[in-house]
Amino acid sequence: MDLMTITCERVLSPLSPEDLDALIEATSAGILDGGGFGWLQPPGHQALARYFEGLLLVPERSFYVVRENGVICGAGQLVRPPSSYEAHAATANLTGFFVAPYARGRGLGRALLEAMLKGAKAIGCKVVNCDIRETHVAAIGLFRSFGFEHWGTHPYYARIGGQTVRGLFLSKLLANENEAARWQSSIAMPDTSSAASDTMTNTAPPAHGLTLYPAIDLKDGACVRLRRGEMEDATHYSDDPGAQAKLFAEAGCRHLHVVDLNGAFAGRSTNIPAIESIVKATNLPVQLGGGIRDMAAIERWLEAGVSRVILGSVAVKDPELVRQAARAFPGRIVAGIDARQGRVATEGWAEVSELEANDLALRMEDAGVAAVIFTEITRDGMLAGLDLEQTADMARRLSIPVIASGGVGSLEHLKALRDVARDVPGISGAIVGRALYDGRIKLKDALDVLGSC
């Protein structure tokens, strides 16, 4: 009789074609057996391949696989909060956990869960959370056998075959009793002597690093900046978007923010050559928005080298597309929420809806986007400063990063954002445009203030 060998590993580099095929086969079987990853039916080989390849691009996700005699038969993910979101730093969520139905009953699930809990401890997690559909009885039994406690029930967790299915919320404390007591004590009673020391020396606690996103807005193939989003009120800055991107890279920027203005109004990508020239000009991650409103356009730009796609109008008009895209490309979909006095604007800011910005942000978080870019349109391009109150309010409500946009006109505005971010760690960066082009802010000074990472 052949001996069965079970091994588990965290995936740190792209899988071989054979391993990827085995993983996709196991995943498809798991989905058909009872759903998984939000799918009721397997989405196909290509979509699953993109999904698993995309996991390696998300630093907050640790991806594990379990093998039987060298063949991948199951997988799971540990999802940690973003580095800028310190409130939940000691927790991790376990998701996407499954073993193919043809490999169950042989100890693979136990081995996989054991490896993932060991990995969670290694990165300093004190608590691991998960949620499971109540119909997955065997999985619930497995988690409970490892000490997971049931603390809540979602009455409308899923809708399957016309039936509503409940979901169970489970948690496991990883720390031993002494560690748990110290940890809980530190949460309940912060070190007041340290706080007093800060007050006496008049020094604030260190802020987390904020990321600077220099903006390249494209109109008719050129770099421009608008005032309050009005296309007829554009200032022309450069006819060579690729060269502009290279200047930002050489000055020390680590990210680029690109918007296809014509595309935002037309509902489809328009400045295609200009965008391609930006992507080719540097190795910097590029986040792109403007007129991207279907899966084909999302795939086209991600395959063309864009790091993240920003979905704006479609977030209001087709939220299911956002959900599908976030699932297919984890960590690579960002929601762009533009508002006039708190109300969401769409179609290149030409239309204002009745939807409140914070409500949409919560919906986008639930859809699985990696971050939210918040812009108060009345300030955009006006150099009068960010709407810090609205930005901070949104960041407090979300567990995903919020990028501030609209109105930066001086270094003092960036310092004000930095100061707010000390108390609201969900704010992760700022988009700056006109002030950089006009020379009101020097790039080096902006990077120094934000501590760009």
**Request:** Show your reasoning for whether salt bridge (Lys or Arg N to Asp or Glu O under 4.0 Å) applies to D366 and R323.
**Result:** CA-CA 8 Å; D366 181 65; R323 189 177 299 275; 3.0 Å; yes
**Message:** Whether the side chain of H150 engages the backbone of G152 through a donor-acceptor N/O pair (distance < 3.5 Å, no angle test) should be reported.
**Reply:** yes
**Asked** Would you call K172-E114 a salt bridge at under 4.0 Å N-O?
**Response** no
**Spacing of CD1 belonging to I403 relative to CD belonging to Q287, to within rounding of 0.5 Å** = 5.0 Å
**Request:** Specify the closest pair of heavy atoms between L360 and A315, including all atoms of both residues, with the distance to one decimal.
**Result:** CD1-O, 3.7 Å
**Asked** Less than 4.5 Å apart, any side-chain heavy atom of P42 and any of T27?
**Response** no
**Message:** Parallel, tilted or perpendicular: which one describes the rings of F97 and F143, with boundaries at 30° and 60°?
**Reply:** perpendicular
**Asked** Taking side chain as C-beta onward, heavy atoms only, is R50 less than 4.5 Å from L302?
**Response** no
**Request:** Identify the two heavy atoms, one from L20 and one from A49, that lie closest to each other, and give their separation to 0.1 Å.
**Result:** CD2-CB, 4.0 Å
**Request:** Start with the C-alpha distance between E149 and L170, add both sets of side-chain angles, then the distance that settles side-chain contact (heavy atoms from CB on, under 4.5 Å), and finish with yes or no.
**Result:** CA-CA 5 Å; E149 298 181 9; L170 307 174; over 6 Å; no
**Short side-chain to backbone donor-acceptor contact, N69 and T5, under 3.5 Å** = yes
**Item:** Name of the residue among V316, I298, V369 meeting side-chain contact (heavy atoms from CB on, under 4.5 Å) with V322
**Value:** V369
**Asked** Is D393 salt-bridged to R397, cutoff N-O under 4.0 Å?
**Response** yes
**Message:** Rounded at 0.5 Å granularity, tell me how far SG in C8 sits from CD1 in I72.
**Reply:** 11.0 Å
**Request:** Spell out, as yes or no, whether a donor-acceptor pair under 3.5 Å connects the side chain of S171 to the backbone of F169.
**Result:** no
**Prompt:** Sub-3.5 Å donor-acceptor pair from the side chain of R332 to the main-chain atoms of S307, do we have one?
**Reply:** yes
**Request:** For E9, check side-chain contact (heavy atoms from CB on, under 4.5 Å) against everything at least two apart and list the hits.
**Result:** V65, R67
**Prompt:** Do the side chains of T211 and S428 get nearer than 4.5 Å, heavy atoms only?
**Reply:** no
**Request:** Side-chain contact test, heavy atoms from C-beta onward, threshold under 4.5 Å: evaluate it for P101 versus L32 and give yes or no.
**Result:** no
**Asked** Is any side-chain heavy atom of D131 closer than 4.5 Å to a side-chain heavy atom of H154?
**Response** no
**Message:** I'd like to check R104 versus F98 (side-chain heavy atoms, cut-off strictly below 4.5 Å). Are they in contact?
**Reply:** no
**Message:** Looking at every heavy atom in both L94 and V128, which two are closest together, and how far apart are they?
**Reply:** CB-CG1, 4.0 Å
**Asked** Going through the distances and angles, do V432 and L414 end up as a side-chain contact (heavy atoms from CB on, under 4.5 Å)?
**Response** CA-CA 9 Å; V432 184; L414 293 181; 4.1 Å; yes
**Prompt:** Can you tell me if R61 and T95 form a side-chain donor-acceptor pair at under 3.5 Å?
**Reply:** no
**Prompt:** Considering only heavy atoms from C-beta outward, does the side chain of F329 approach that of R308 to under 4.5 Å?
**Reply:** no
**Request:** Would you confirm whether R293, through its side chain, and A264, through its main-chain N or O, come within 3.5 Å as a donor-acceptor pair?
**Result:** yes
**Prompt:** What pair of heavy atoms forms the shortest contact from P319 to M364, and how long is it?
**Reply:** CB-CE, 4.4 Å
**Item:** By salt bridge (charged side-chain N to carboxylate O under 4.0 Å, His left out) - contacts of R166 (at least two apart)
**Value:** E134
**Request:** Might you confirm whether atom CD of E320 has over 12 heavy atoms from other residues, nucleotides or ligands at distances under 6.0 Å?
**Result:** yes
**Item:** D217 side, atom CG; L261 side, atom CG - distance, nearest 0.5 Å
**Value:** 4.5 Å
**Asked** N271 side chain to D260 main-chain N or O, any donor-acceptor pair under 3.5 Å?
**Response** no
**Prompt:** Just by distance, do the side chain of N93 and the backbone of V79 share a donor-acceptor pair under 3.5 Å?
**Reply:** no
**Audit row: L212, L443, side-chain contact (heavy atoms from CB on, under 4.5 Å) steps and yes/no** = CA-CA 9 Å; L212 173 68; L443 264 172; 3.6 Å; yes
**Message:** Return the OG1 to CG distance between T375 and D387, rounded to the nearest 0.5 Å.
**Reply:** 11.0 Å
**Nearest heavy atoms of A215 and G433, plus distance in Å** = CB-CA, 4.1 Å
**Asked** Is there side-chain contact between L218 and I278, with at least one heavy-atom pair below 4.5 Å?
**Response** yes
**Message:** Minimum heavy-atom separation for A103 and L108, please, with both atom names.
**Reply:** O-CD1, 3.8 Å
**Request:** Kindly determine whether F63 and L23 satisfy side-chain contact (heavy atoms from CB on, under 4.5 Å), including the steps that lead there.
**Result:** CA-CA 12 Å; F63 181 44; L23 175 59; 3.7 Å; yes
**Request:** With rounding to the nearest 0.5 Å, note down the distance linking CD1 in I292 to CG in L321.
**Result:** 11.0 Å
**Item:** S28 side chain vs E25 backbone, donor-acceptor pair below 3.5 Å
**Value:** no
**Prompt:** Looking only at atom types and distance, does a side-chain atom of S269 sit under 3.5 Å from a main-chain N or O of I272, one as donor and one as acceptor?
**Reply:** no
**Request:** Hey, could you give me the CD/CD distance between Q390 and E356, rounded to the nearest 0.5 Å?
**Result:** 9.5 Å
